[in-house]
Amino acid sequence: VQLQASGGGLVQAGGSLRLSCAASGNIFSINTMAWYRQAAGKERELVASIRSDNSTNYADSVKGRFTISRDDAKNTVYLQMNSLKPEDTAVYLCNADGTRRSGLRRTSFSSWGQGTLVTVSS
């Protein structure tokens, strides 16, 4: 299963961006979709996740500013980022796990997208 992320860019503090991540490749079902980020010199951290029942989880640092959503018909997850801060600058990576078709079988998968750079200037 492949994930293609898009939507990153340069924005001023206080601005907004919307990230998208589309999954493709013999998908049977997707359980959890998530966004992580990794800033220069720091460890990767979970930003937000959304499960198949649309329950969500957010890092404390983004609560009230970021919103994660999904479109199961398109196998796509979105991250709406508002009130961006310079400390949100990072490479944002999407992740999805679920079940894929493999011939007559179904196997689990967990895949990562290639990352999209978000830069917030002060």
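The figures that follow rest on heavy atoms only: side chains count, while hydrogens, waters and symmetry mates do not.
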CZ of R65 to CD of Q80, rounded to nearest 0.5 Å, is 12.0 Å
On a heavy-atom basis, the closest approach of T76 and M33 is C-CE, 4.0 Å
| said: I'd like to check R37 versus V62 (side-chain heavy atoms, cut-off strictly below 4.5 Å). Are they in contact? | reply: yes
List the atom pairs, with distances to 0.1 Å, where a side-chain N or O of residues 108-116 and a protein N or O form a donor-acceptor pair under 3.5 Å, not counting sequence neighbours.
from : atom 1 : to : atom 2 : distance (Å)
S111 : OG     : V1 : O      : 2.9
Q114 : OE1    : A5 : N      : 3.1
Q114 : NE2    : A5 : O      : 2.9
T116 : OG1    : G8 : N      : 3.1

Of all heavy-atom pairs linking T56 and I68, the shortest is CG2-CG2, 3.7 Å
SG (C21) and CG (L79) are apart, to the nearest 0.5 Å, by 10.5 Å
d(L93 CG, R44 CZ) to nearest 0.5 Å is 5.0 Å
* Asked: So does R106 have more than 12 non-hydrogen atoms from other groups sitting under 6.0 Å from CZ?
  -> no
Item to check | Stepwise side-chain hydrogen bond (donor to acceptor under 3.5 Å, both in side chains) check, S16 with N82 | outcome: CA-CA 4 Å; S16 298; N82 298 328; 2.9 Å; yes
query: Any side-chain heavy-atom pair from Y36 and V91 closer than 4.5 angstrom?
result: no
CG (N95) and OG1 (T32) are apart, to the nearest 0.5 Å, by 8.5 Å
Rounded to the nearest 0.5 angstrom, the OH-CD1 distance for Y58 and I50 is 7.0 Å
The side-chain hydrogen bond (donor to acceptor under 3.5 Å, both in side chains) partners of S122 (sequence neighbours excluded) come to none
*Before accepting this row, confirm whether a basic side-chain N of the pair D60/K63 lies closer than 4.0 Å to the acidic partner's carboxylate O.*
yes
